[in-house]
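Here is the structure we will look at.
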Amino acid sequence: MSGQQLWQKNNCFNCHQLYGLGGYLGPDLTNIYSNPNKGPGYIRAMLKSGVKTMPVFHFSKQETDALLSFLKEVDKTGQYPNYNANMKPDGWVEITTENEK
Ligand code: HEC
């Protein structure tokens, strides 16, 4: 089964978002793969152990690999949110989009 099918079959989107779309119980996972503080090892650990608010899934190694490559592919398609908003003391909001960097 492909990573995307596993993502759908296990209802990851009920609790997680990709590009801001999905459930809001857990965090957005669009760029978790390339996140320097998280990344593949962290995702594996999370899937293996679960946490209070996230169930343990008992995925096989192949399934975990498939989900990881799905999240890697999603990550490559862009950044979410794709802007950085910075509020100045006078209330002016400066917005830099990823494309301007
Ligand atoms: C019942 C709701 C629920 C479902 C279903 C669910 N998750 Fe989660 N998940 C959570 C919550 C809540 C957290 C945050 C836990 C925390 O940080 O305490 C989380 C955290 C994560 C994290 C770590 C995110 C981070 O930024 O730290 C990953 C990766 C993850 N989930 C992947 C998945 C995948 C893949 C699936 C589907 C196979 C899935 N989750 C299904 C609720 C869920």
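If you're wondering where the values come from, they're calculated on a predicted model, not measured in any experiment. Each ligand, and each atom within it, is numbered from 1 in the order the structure gives.
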Can you report which non-hydrogen protein atom sits closest to [atom], along with the distance?
{"atom": "atom 25 (C) of ligand 1", "answer": "Lys38 NZ, 3.4 Å"}
{"atom": "atom 35 (C) of ligand 1", "answer": "Leu47 CD2, 3.6 Å"}
{"atom": "atom 27 (O) of ligand 1", "answer": "Tyr42 OH, 2.5 Å"}
{"atom": "atom 41 (C) of ligand 1", "answer": "Phe57 CZ, 3.4 Å"}
{"atom": "atom 12 (C) of ligand 1", "answer": "Thr53 OG1, 3.3 Å"}
{"atom": "atom 15 (C) of ligand 1", "answer": "Val51 CG2, 3.4 Å"}

Not counting sequence neighbours, which residues clear ring-ring contact (aromatic ring centres under 6.0 Å, His included) with Tyr80? List them please.
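With sequence neighbours excluded, Tyr80 shows a ring-ring contact (aromatic ring centres under 6.0 Å, His included) to no residue whatsoever.
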Qualifying residues under ring-ring contact (aromatic ring centres under 6.0 Å, His included), relative to Phe59, sequence neighbours excluded
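ring-ring contact (aromatic ring centres under 6.0 Å, His included) check on Phe59 returns Phe57.
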Under 4.0 Å from atom 17 (O) of ligand 1, can you find at least one protein heavy atom?
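Given the 4.0 Å cut-off, atom 17 (O) of ligand 1 does not count as touching protein heavy atoms.
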Return each pair, listed once, that meets side chain to side chain donor-acceptor pair (under 3.5 Å) where at least one residue sits in residues 22-38; pairs must be two or more places apart or across chains.
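Found Asp28-Thr30, Asn31-Asp75, Ser34-Asp75.
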Does any N or O in the side chain of Gln4 come within less than 3.5 Å of the main-chain N or O of Phe70, such that one atom is a donor and the other an acceptor?
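Checked: no pair found.
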Would you mind listing which atoms of ligand 1 come within a distance below 4.0 Å of any non-hydrogen atom of [X]?
{"X": "Ile43", "answer": "29 (C)"}
{"X": "Phe59", "answer": "38 (C)"}
{"X": "Leu25", "answer": "2 (C), 12 (C)"}
{"X": "Ile32", "answer": "23 (C), 24 (C), 25 (C), 26 (O), 29 (C)"}

Which atom names give the shortest non-hydrogen contact between [X] and [Y], and what distance separates them?
{"X": "Ala66", "Y": "Met1", "value": "CB-O, 3.9 Å"}
{"X": "Val93", "Y": "Met87", "value": "CG2-CG, 4.1 Å"}
{"X": "His16", "Y": "Pro27", "value": "ND1-O, 2.8 Å"}

Taking C-beta and beyond as the side chain, do Lys88 and Glu94 meet within less than 4.5 Å on heavy atoms?
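A side-chain contact exists here, since the closest heavy-atom pair is under 4.5 Å.
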Is the closest side-chain heavy-atom distance between Leu47 and Leu67 below 4.5 Å?
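They are in contact (side-chain heavy atoms under 4.5 Å apart), so the answer is yes.
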So does Asp65 pair up with Lys72, basic N to acidic O under 4.0 Å?
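Here Asp65 does not pair with Lys72 in a salt bridge, since their nearest N and O are not under 4.0 Å apart.
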Say you draw a straight line from CG of Leu29 to CZ of Phe13; how long is it, rounded to the nearest 0.5 Å?
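Rounded to the nearest 0.5 Å, the CG-CZ separation comes out at 13.0 Å.
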Met54 side, atom CE; Ser49 side, atom OG - distance, nearest 0.5 Å:
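Rounded to the nearest 0.5 Å, the CE-OG separation comes to 8.0 Å.
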Just heavy atoms, cut-off under 4.0 Å: does Asn11 contact ligand 1 by side chain, backbone, both, or neither?
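The answer is the backbone.
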Around atom 8 (Fe) of ligand 1, how many protein N, O or S atoms are found at less than 2.8 Å?
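Count of protein N, O, S atoms less than 2.8 Å from atom 8 (Fe) of ligand 1: 2.
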